[in-house]
Enquirer: 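Take this structure, written in structure tokens, and hold onto it; I'll ask about it next.
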Amino acid sequence: MYGGGSIFEPVKLDELAHEDPVKLAEFEARIQRGEKIEPDDWMPALYRKQVIRMIEQHAHSEIIGALPEGTWITRAPGFRRKMALLAKVQDEVGHAQLLYSAAETLGKTREQMTLDLISGKSKYSNVFNYPTFTWADSTVISWLIDAGAIVNQMANARGSYGPYCRALERICAEESFHLKYGHDAVVYLATGSSKQRQMIQEALNRWWPPIMTFFGPADKISAHTEILMRWKVKMATNDECRQQFLDMYVPKVWELTLTLPDPLLRKNEAGTWEYTEPDWEEFKQVINGKGTCNKERLAVRRMAEEKGAWVREALLKPEATYVKPLA
Amino acid sequence: MNELAIKELLYTLADNQLILGHRNSEWTGIGPILEEDIAFSSMAQDKLGHSLAFYTLLHELGESDPDTLAFMRNAAQFHCCHLVELPIGEYDFSLIRHFLYDHAEAIRFEYLAQSSYEPAAKVAAKLRGELKYHLLHANTMVKQLGNATAESISRLQQSLNYAFPYALGMFQPSPYEADLASSNIFPRESNIQAQWLESIQKILAQTQLQQTAVHTISPVLGGRLGQHSEYLQPLLDEMAEVINIDPSTEW
């Protein structure tokens, strides 16, 4: 997990007015040729800002995403699930570590990013503001949210910022195991006792609306991101990712004779998935702090940061100065 | 071969590792720094894996399957010491517990690898390499934090004082100790304790932490015989919460 549905703020093109037109043209030509941009290369301030924002949101999503699943490690049923879930959530924390380093190459420190997360200034994937009521909810996250993340990350791994692409390649390799684990855990519930089937169906019903918002608002209402696509910061539109996800995973859900709570969900003759438009008003409300779990998630993160402050202070050697990580 | 003695030893080893692994896994997602979050999750996985290996040996001796042994027994049937049962508390306690426990565990694994009971010897020989990393981690962090700030030194000192009586409880002898020792299956706990003291003192001497004289401390005993702290049963209830929804099915 768990990137996906990054929230880009509307791009103000006048921010580009101060840039050197020759350098800007060369920068765009490099991206056009498929070259990667490296940390010490020239880049417009707007690119730096947007890439930091995107990687930072992704990193936060990993570390916050560890919470709804992490609470099930101590309750996972049996050795196999317990060890696999523990390894999976550990991977997510590891992804956060990789991604914070990737963002640091652009000049924002991990400490500052963490502060922005717990103050509510930075965003993370909206789906983690929903609760995991049962074990089955945690399996739905492991399967379908990770599946969504892979769709998004495979696209972004072809983007223009070198350190982010390299981090994503490593992350995607691990995600594919998460997907297998999640699918396996869902299959056991779907083909198990009537109680287990009921659990997984209820979890799917609960999680489907948030999953449908995972890739962000519909293209027709989302902020204009043409320049971000030209700069290969954003690699596919929200709707393109959503279509790809539906095409890959709805048939797999149906294969298990489970249902999805959307009467309009179907693939039309043109091969496009039709669905009930998600409630984007709710999405906006939740991302701005009004979801079931926003407060709890940030409170846990804040508690971890505060309780860990003395450790971080003690680990800082007096002679240490800030070192930008190697890309 | 005294099968009862071997089973008791295997239960003690497995239960300690399971419960400590479970406790360490509680740090996943809330560690004081990402690197430590990852380290504790990693060690938790190893501990769970080690307990699984010993439960598997028990299963081969006719006991229930590992999931049943780990998830379906009540506290009185567990053989773990109180040290591993205690809540994770703050990071200083979890680090000190990890330090005190793994120094003993590393010595146990070295003996076990030489055991005349071959199945356990094979498991220990295979897994002891992982213990080296646990020790390396514990020693590095204790040396760093035990020499850093006034707060880190004082926190570690308090946790060390608090944990020490519990740590001595790790060396409660088996009811079959004489048998185990005479048949070269496993040495006496007093031997392990003596080596452990030497081993932790080597590290503590490189810090500003003080260790009280062992003979003035009474160990917290009972775990090996099924008498546990108030913390074990709630932990086991939590562990079995999902499996108990339907214990007859696969998850």
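Lettering of chains follows the sequences in order, A, B, ..., and the numbering in each one begins at 1.
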Enquirer: Out of B:Leu34, B:Thr149, B:Ile243, return the one with the most heavy atom pairs under 4.5 angstrom to chain A.
Expert: B:Leu34
Enquirer: Just how far is it from atom NZ of B:Lys47 to atom CG of B:Leu20, taken to the nearest 0.5 Å?
Expert: 6.0 Å
Enquirer: Considering only heavy atoms and a distance below 4.5 Å, find which of A:Gly70, A:Ala87, A:Gly78, A:Ala76 pairs most often with chain B.
Expert: A:Gly78
Enquirer: Answer yes or no for A:Lys180 and A:Phe177: cation-pi contact, defined as NZ/CZ to six-membered ring centre under 6.0 Å and angle to ring axis within 45°.
Expert: yes
Enquirer: Quick one: what part of B:Leu235 sits under 4.5 Å from any heavy atom of chain A, side chain, backbone, both or neither?
Expert: neither
Enquirer: Is it the case that B:His98 and B:Glu105 place a side-chain donor and acceptor less than 3.5 Å from each other?
Expert: no
Enquirer: Are the charged groups of A:Lys88 and A:Glu92 less than 4.0 angstrom apart, N to O?
Expert: yes
Enquirer: For chain B, which candidate among A:Arg312, A:Gln196, A:Met83 shows the most heavy-atom pairs at distances under 4.5 Å?
Expert: A:Gln196
Enquirer: Would you tell me whether B:Gln210 and B:Gln157 have side-chain atoms, one donor and one acceptor, within less than 3.5 Å of each other?
Expert: no
Enquirer: Salt bridge check: are B:Glu151 and B:Arg155 linked by an N-O gap of less than 4.0 Å?
Expert: yes
Enquirer: Using heavy-atom distances under 4.5 Å, tell me whether A:Leu86 contacts chain B through its side chain, its backbone, both, or neither.
Expert: both
Enquirer: Quick check: are there more than 12 heavy atoms from other residues, nucleotides or ligands sitting under 6.0 Å from CD of B:Glu250?
Expert: no
Enquirer: Establish, yes or no, whether a centroid distance under 6.0 Å links the rings of B:His103 and B:Phe99.
Expert: yes
Enquirer: Side chain from CB out, backbone as N, CA, C, O: work out which of these in B:Gln45 comes under 4.5 Å of a heavy atom of chain A, or both, or neither.
Expert: both
Enquirer: If you count heavy-atom pairs within less than 4.5 Å of chain A, which of B:Leu95, B:Asn244, B:Leu52 leads?
Expert: B:Leu52
Enquirer: Looking at B:Asp37, B:Val242, B:Thr249, which one has more heavy-atom pairs under 4.5 Å with chain A than the rest?
Expert: B:Val242
Enquirer: Specify which of A:Ala314, A:Ala304, A:Gly308, A:Gly94 makes the most heavy-atom pairs with chain B at under 4.5 Å.
Expert: A:Ala314
Enquirer: So which of B:Asp92, B:Thr68, B:Ile245 has the biggest tally of heavy-atom pairs under 4.5 Å with chain A?
Expert: B:Asp92
Enquirer: Are side-chain N/O atoms of A:Thr139 and A:Arg81 paired as donor and acceptor at under 3.5 Å?
Expert: no
Enquirer: Is it possible for you to check whether A:Arg80 lies under 6.0 Å from the centre of the six-membered ring of A:Tyr188, through NZ or CZ, and within 45° of that ring's axis?
Expert: yes
Enquirer: Please state whether the side chain, the backbone, both or neither of B:Tyr55 comes within less than 4.5 Å of a heavy atom of chain A.
Expert: side chain
Enquirer: What part of B:Leu236 lies closer than 4.5 angstrom to a heavy atom of chain A: side chain, backbone, both or neither?
Expert: neither
Enquirer: Looking at CE of B:Met239 and CE of B:Met72, how far apart are the two atoms once the value is rounded to the nearest 0.5 Å?
Expert: 10.5 Å
Enquirer: Where the side chain of A:His95 meets the backbone of A:Ala167, is there a donor-acceptor pair that is under 3.5 Å apart?
Expert: no
Enquirer: Within a 6.0 Å radius of atom NZ on B:Lys122, are there more than 12 heavy atoms belonging to other residues, nucleotides or ligands?
Expert: no
Enquirer: Of the backbone (N, CA, C, O) and the side chain (C-beta and beyond), which part of B:Thr28 lies under 4.5 Å from a heavy atom of chain A, both, or neither?
Expert: side chain
Enquirer: Would you mind checking which part of B:Ser42 comes under 4.5 Å of any heavy atom in chain A, side chain (CB onward), backbone (N, CA, C, O), both or neither?
Expert: both
Enquirer: Against chain A, label B:Ile153 side chain, backbone, both or neither, depending on which of its atoms sit under 4.5 Å from a heavy atom there.
Expert: neither
Enquirer: Report which part of A:Arg75 has an atom under 4.5 Å of a heavy atom belonging to chain B: side chain, backbone, both, or neither.
Expert: both
Enquirer: For the backbone of A:Tyr130 and the side chain of A:Arg297, can you confirm whether one donor and one acceptor N or O come within less than 3.5 Å of each other?
Expert: yes
Enquirer: Salt bridge check, B:Glu26 against B:Arg23: does any charged N sit closer than 4.0 Å to a carboxylate O?
Expert: yes
Enquirer: B:Asp237 versus chain A, heavy atoms under 4.5 Å apart: side chain, backbone, both or neither?
Expert: neither
Enquirer: Let's test your reading of the structure: which of A:Thr71, A:Thr74, A:Ile73, A:Val311 forms the most heavy-atom pairs below 4.5 Å with chain B?
Expert: A:Thr74
Enquirer: Quick one: CZ on A:Phe128 to OG on A:Ser61, what's the gap to the nearest 0.5 Å?
Expert: 6.5 Å
Enquirer: Let's test your reading of the structure: which of B:Asn147, B:Leu18, B:Ile33 forms the most heavy-atom pairs below 4.5 Å with chain A?
Expert: B:Ile33
Enquirer: Select one option (side chain, backbone, both, neither) describing which atoms of A:Gln90 are under 4.5 Å from chain B's heavy atoms.
Expert: both
Enquirer: Just give me the residue among B:Met141, B:Glu35, B:Glu36 that pairs up with chain A most often, heavy atom to heavy atom, under 4.5 Å.
Expert: B:Glu35
Enquirer: Please list, in residue-number order, every residue in residues 131-138 of chain A that has a heavy atom less than 4.5 Å from any heavy atom of chain B; write 'none' if there are none.
Expert: A:Trp135
